[in-house]
Structures are given as C-alpha cells and as structure tokens.
Amino acid sequence: MALTLEHKRGDTFRFSAVLRETKTGPAMDLTGWTIASMVRDADSVLIDTLTVTVTDAAAGEYSLLVEDTSAWPVGQAYWDIQYTDDGDVIRSTETIRLNIIEDVTYPEPTP
C-alpha cells in the first residue's frame, strides 16, 4: 500500500480513469466488464459503495462517485477498485489509504 490520499468529509468523492493494459499502454476495452469500488474503515467495516459509470467502454474510461460523504467517519480508511472482465477474471487495484478529515466550511445548524 503505497498511496495515501486525503479527503474532507462532506466533499464529493469523484475519480475518473482510463484502464490500461500497462501504465502507459493501450486502453482496455471494458465492454462486458463489471467495476466495483468500496471504502472501508480500518476494521474492514463498509463506509460506502461508490457509484461506477463506464463513460466510454471501448476507450477504457470510467468514473466513480459518492456525492455526499458527510456520513463518512473521520479517520483512516481504505479504498480500492475491482474489475471483473467478460471472462470472470477478477483484478483489483492496490489498496489506497484515505485519510478522512473534518471539514471546516459547512452551514451552521439552525436553532
């Protein structure tokens, strides 16, 4: 686990990517593939399931989204992306550590 990202609780969590055969190689055709992604806490408890949209299957393009992260707990979490190809072969990205931190700009509660 080499990568750590910081995310402010309450901010939109959005990620767009192109799946490639190698780091700089040609894009993979995602036609017939399934992509799943979750965020879990340090005890492996599910925090959220990301919405996956394949934006251009032939070009390997997809996006992940959680509109509202206000319920995410502050602290350390883990995130990855899992791909299942049309032959049912499963591959996952490396696990990425997310440091979820408190947001300081938000509306005050109404009395």
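Model, not experiment: these values are computed from the prediction. One is the number of the first residue; the rest follow in order along the sequence.
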>> Counting neighbours of CZ on Arg20 that are heavy atoms of other residues, nucleotides or ligands and sit closer than 6.0 Å, is the number greater than 12?
In response: yes
>> Just verifying a value: how many Å separate Glu21 CD and Thr24 OG1, rounded to the nearest 0.5 Å?
In response: 11.0 Å
>> Minimum heavy-atom separation for Ser92 and Asp80, please, with both atom names.
In response: CB-OD2, 4.2 Å
> What are the two closest heavy atoms between Val66 and Thr49, and how far apart are they?
Replying inline: CG2-O, 4.3 Å
> Which of parallel (below 30°), tilted (30 to 60°) and perpendicular (above 60°) describes Phe15 and Trp79?
Replying inline: perpendicular
>> Testing His7, Arg9, Lys8 one by one against Ile101 for a side chain to side chain contact (heavy atoms under 4.5 Å, CB included), which residue passes?
In response: Lys8
> Pick one: which of Leu19, Ile81, Asp85 meets side chain to side chain contact (heavy atoms under 4.5 Å, CB included) with Arg91?
Replying inline: Asp85
> Between Ala77 and Ile47, what is the shortest heavy-atom contact and its length?
Replying inline: CB-CD1, 3.8 Å
>> If you compare all heavy atoms of Ala27 against all heavy atoms of Ala59, which two are closest, and at what distance to 0.1 Å?
In response: CB-O, 3.2 Å
> Got a second to check how far Tyr62's OH is from Thr53's OG1, nearest 0.5 Å?
Replying inline: 12.0 Å
>> Nearest 0.5 angstrom please: Met28 CE to Trp33 CH2, how far?
In response: 3.5 Å
>> For the CG atom of Asp41 and the CG atom of Leu98, what is their distance to the nearest 0.5 Å?
In response: 11.5 Å
> For Ser70 and Asp68, which heavy atoms make the closest approach, and how far apart are they?
Replying inline: OG-OD1, 2.7 Å
>> Do Tyr83 and Leu3 land in one hydrophobic cluster if side-chain heavy atoms of ILVMFWY residues count as linked below 4.5 Å?
In response: yes
> Are any non-hydrogen side-chain atoms of Ile96 and Leu5 less than 4.5 angstrom apart?
Replying inline: yes
> Is there a donor-acceptor contact under 3.5 Å from the side chain of Ser37 to the main chain of Leu50?
Replying inline: no
> Run the side-chain contact (heavy atoms from CB on, under 4.5 Å) check on Asn99 and Gln76 step by step: do they pass?
Replying inline: CA-CA 5 Å; Asn99 289 329; Gln76 192 167 297; 4.2 Å; yes
>> Using only atom types and a distance under 3.5 Å, with no angle test, would you say the side chain of Thr12 pairs donor to acceptor with the backbone of Glu67?
In response: yes
> If you measure from CD1 on Ile100 to CH2 on Trp72, what distance do you get to the nearest 0.5 Å?
Replying inline: 5.5 Å
> What is the distance from atom CG of Asp43 to atom OH of Tyr78, rounded to the nearest 0.5 Å?
Replying inline: 9.5 Å
> Under the 3.5 angstrom rule, does the side chain of Asp29 hit a backbone N or O of Thr31 as a donor-acceptor pair?
Replying inline: yes
